[in-house]
Structures are given as structure tokens and as C-alpha cells.
Amino acid sequence: MPGKDRIIFVTKEDHETPSNAELVADDPNDPYEEHGLILPNGDINWNCPCLGGMASGPCGEQFKAAFSCFHYSKEDVKGSDCVGQFRAMQECMQRYPDLYPQEEGEEEEEEEERPADPSQEAAASEASAAKEAAASS
């Protein structure tokens, strides 16, 4: 980005005189200003560091679609109308495991939640109880 930064050399004498710089009022529409997740006009601040860069990258558009849907959802169960967008985002992220690593144990928990038969259900609940007991000791 040419012109973004400017280097200024200052002398000792420059530092000794009081500054005559005039402060400019913040521009509420400045996309680089820190406003948090929601801008004053109610829009999503895609530049917010709180999003951890999710709005950019190979799945940025899917993330924006899902997050926008949730943010603007008017359903009683907020976001319940956004399942398709979140599924598309998840499918995209699964194609880039190095960029979007799954939480440890996430796959195991999904398998435990949907056992194939009742005998596996008992084994899964015993495994969960054993895991919890080991973690708490």
C-alpha cells in the first residue's frame, strides 16, 4: 500500500518545543478504527480483531454469510434460520484442517453422541464417565 506509512526524522530541538499538532475528531465510519464487533450503525465490523481473522481466508465468505445471518436473525431461537450457512462454513473449514484445526475430542464426542446401537450407547457413556473421572482426579 504506497503512502500508508510516513517516516519523519526529528531533531533534539524539535522535541524541546511544545507540539502544535491538532487532534482530529474520530471518524465513526473509519473501518480501521476500533469499534468492537458492532459498528455504531449496527453493521458488523469485519475488521474487529475479536473475529480472529475468520472473515478473511479461504472460508471468509462462508463465515461472513453465517455470521451475518445469525446477527440479523429475527427467529425466536436466534440463528435457527441459518443452519445452511453454518453447515457450508463448517464444510469449507473441514477442507482446510491446517488453517481451521478442530478442537481436541470434537470428533470423538460426535461419535459418542450418535451410537449405532444400544450396546454401543452403554459403552460410550461408560467411556465418558471414565474420561470425566480421570480428568477430575
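Nothing here was measured: the structure is a model prediction, and the numbers come from that model.
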Residues two or more places apart in sequence or in another chain: which of them pass side chain to side chain contact (heavy atoms under 4.5 Å, CB included) with Glu61? Lys64
First locate atom CD of Gln102, then atom CD of Gln94, and finally report the distance between them rounded to the nearest 0.5 Å. 6.0 Å
What distance do Glu16 atom CD and Thr11 atom OG1 have between them, rounded to the nearest 0.5 Å? 8.0 Å
About how many Å separate CG of Asn45 and CG of Asp43, when rounded to the nearest 0.5 Å? 9.5 Å
Ser68 (side chain) donor-acceptor with Ala65 (main chain) under 3.5 angstrom: no
Using the side-chain hydrogen bond (donor to acceptor under 3.5 Å, both in side chains) rule, collect all pairs that involve residues 78-88, keeping only residues at least two apart or in two chains. Ser73-Asp81
If you link I, L, V, M, F, W and Y whenever their side-chain heavy atoms are under 4.5 Å apart, who else ends up in the same group as Phe86? Leu37, Ile38, Ile44, Trp46, Leu51, Met54, Phe63, Phe67, Phe70, Tyr72, Met89, Met93, Tyr96, Leu99, Tyr100
